[in-house]
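These notes are about the structure you will find just below.
Model, not experiment: these values are computed from the prediction. Chain letters run A, B, ... following the sequence lines, proteins first, then strands; residues in each count from 1.
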Number of protein chains: 2
Amino acid sequence: MAKVKTHEEANRRTDLVRAAARLFREKGFERTTVRDIANAVGMQSGSIFYYFKSKEEILLVVMEEGLLLALQDQETALQGVNTAREKLRALMRAHLKTLLERGSDFIPVLLYEWKSLSEESQARIVNLRDRYEQSWNETLQALKDEGAIPTSVRITRLFVFGALNWTAQWYDPNLRLDIDGVADRALELFVR
Amino acid sequence: MAKVKTHEEANRRTDLVRAAARLFREKGFERTTVRDIANAVGMQSGSIFYYFKSKEEILLVVMEEGLLLALQDQETALQGVNTAREKLRALMRAHLKTLLERGSDFIPVLLYEWKSLSEESQARIVNLRDRYEQSWNETLQALKDEGAIPTSVRITRLFVFGALNWTAQWYDPNLRLDIDGVADRALELFVR
DNA sequence: CCTACCGATCGGTAGG
DNA sequence: CCTACCGATCGGTAGG
């Protein structure tokens, strides 16, 4: 009996995190009220605080679980890929899928609601972020050693992240160019 | 007498816009209160509404005046520059200066507080934004005609904007690399 | 999880 | 521009 209740609660909690992620992405953290979130899952606003101790904790969980998912996808994407160039393509594709595919609200929230996190929460996220960047650094370093990128690994990584993350502002799934196509254009731009 | 008062009022209004731009950049639009803005210029919160009809109007003015300044700087930067490659370098430098130099809070606000504008206000900004992008399109098209960029003008412009705008997240004026240096790295990346 | 509520804060106004 | 204020909303709590 207690087990069942735990599972139900975990599901409701997941519902809340998903709904919050979507609302945070669409309206921003500050413009989203706990009443909005509760409403989205058919709950009373006070009940939110049975699952989370504050609104900010929801934001933290959205970012944390999102990054953990992104890390998993990254690992999967690199499975069995050998050359540095193909690794970079795989990283780009995985990154864009996390960013652009329906239901992936985590990363945009991570990018745009950073300032709404307390400093303690920011520190927890930075740690995961560093892990996420590590695969990029390794791959870019290998390309650098091959002479395939002209500038430093750090600057290249920052330019790549900028170009890819900005796609969230303009990418339209209804147009001809699909997500893998965007990744391919980025690849030919950054690697020669 | 009336003239003098008008000038003083214009100055106070400018003070408010500047203070608001800085606060919007640092804390975000929603987390900045009219009391914060009034306080920053030594005014009572109610007095704000002698100068602006709403908080959102302040945001609109910040973005609008910022874009007009950016357009002026862009024009100046292109004076007497002849080759397409040098034009692109000038555009990149001007863009990064607007983005990164102290006191230039407009563009970050423009980039990150877009969703806080009403649709009517967004329409007014889009118009200016299109004008700003026009010089980029012309220059990139010239480079495309020379065979100096591998992908379409639109995609290249979006990747360039992404890479450059993202610098606001990581650029540190205390490090070795100065703003023109960032522009040069971007140039060698995007133009071959 | 709900009900009922509160204290704080916020954008904005009236009247001078 | 200030004073004095208001109506609405918001995050969060107590008690069940």
Side-chain angles (χ1 to χ4, degrees), chain A residues 1-21 23-24 26-63 109 113 115-121, chain B residues 1-21 23-24 26-63 109 113 115-121:
Chain A
M1 201 53 177
K3 264 277 160 75
V4 174
K5 199 184 170 203
T6 301
H7 286 150
E8 280 167 10
E9 283 180 2
N11 289 338
R12 293 301 275 160
R13 194 183 145 100
T14 302
D15 290 346
L16 282 170
V17 173
R18 285 222 186 93
L23 287 163
F24 291 163
E26 288 171 3
K27 309 177 34 162
F29 176 74
E30 296 285 338
R31 271 179 306 285
T32 302
T33 68
V34 293
R35 286 162 178 81
D36 291 334
I37 302 169
N39 216 283
V41 303
M43 204 181 264
Q44 296 301 310
S45 67
S47 309
I48 294 263
F49 300 96
Y50 171 73
Y51 293 97
F52 301 95
K53 69 175 209 294
S54 69
K55 184 187 169 190
E56 197 228 312
E57 196 196 21
I58 308 179
L59 180 62
L60 174 63
V61 171
V62 165
M63 292 186 178
V109 173
E113 302 301 336
K115 281 177 291 185
S116 291
L117 277 186
S118 70
E119 281 187 34
E120 298 94 311
S121 301
Chain B
M1 198 56 176
K3 264 274 158 72
V4 174
K5 199 185 170 205
T6 300
H7 286 148
E8 279 168 10
E9 282 181 4
N11 289 338
R12 293 301 274 160
R13 193 182 145 98
T14 302
D15 290 346
L16 282 169
V17 173
R18 285 223 186 93
L23 288 164
F24 291 163
E26 288 170 3
K27 311 176 30 162
F29 176 73
E30 296 284 339
R31 272 179 307 283
T32 302
T33 69
V34 293
R35 284 161 179 82
D36 290 334
I37 302 169
N39 216 284
V41 302
M43 203 181 266
Q44 296 302 310
S45 66
S47 308
I48 294 263
F49 299 96
Y50 172 72
Y51 294 96
F52 301 94
K53 68 175 210 295
S54 68
K55 184 187 169 190
E56 196 228 311
E57 196 197 21
I58 308 179
L59 180 61
L60 174 62
V61 171
V62 165
M63 292 186 178
V109 173
E113 303 301 336
K115 280 177 292 185
S116 291
L117 278 186
S118 70
E119 281 187 35
E120 298 94 310
S121 302

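The strand DNA chain D forms stems, runs of 3 or more Watson-Crick or G-U wobble pairs with distances below 3.5 Å, at C:1-16 with D:1-16.
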side-chain contact (heavy atoms from CB on, under 4.5 Å) between Tyr50(B) and Arg12(B): does it pass, once the steps are laid out?
CA-CA 11 Å; Tyr50(B) 172 72; Arg12(B) 293 301 274 160; over 6 Å; no
Verdict with supporting geometry, Val62(B) and Glu113(B), side-chain contact (heavy atoms from CB on, under 4.5 Å):
CA-CA 11 Å; Val62(B) 165; Glu113(B) 303 301 336; over 6 Å; no
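The CD1 atom of Ile58(A) sits 11.0 Å away from the NZ atom of Lys53(A) when rounded to the nearest 0.5 Å. Of the inter-residue distances, the one linking Leu59(A) atom CG with Glu30(A) atom CD reads 9.5 Å to the nearest 0.5 angstrom. Once rounded to the nearest 0.5 Å, the distance linking CG of Asp15(B) with CD1 of Ile37(B) reads 13.0 Å.
Between Val17(B) and Phe52(B) the shortest side-chain heavy-atom distance falls below 4.5 Å. Met43(B) places a side-chain heavy atom less than 4.5 Å from the side chain of Leu16(B). Taking 4.5 Å as the limit, some side-chain heavy atom of Lys55(B) sits within range of a side-chain heavy atom of Phe29(B).
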5' to 3', nucleotides 9-16 of chain D under a 4.0 Å protein heavy-atom cut-off (B base, S sugar-phosphate only, - none) gives -BBBB---
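Atom-to-atom, OH of Tyr50(A) to C1' of dT3(C) comes out at 17 Å; the value is rounded to the nearest Å. Put simply, CD on Gln44(B) is 5 Å from P on dT3(D), counting in whole angstrom units.
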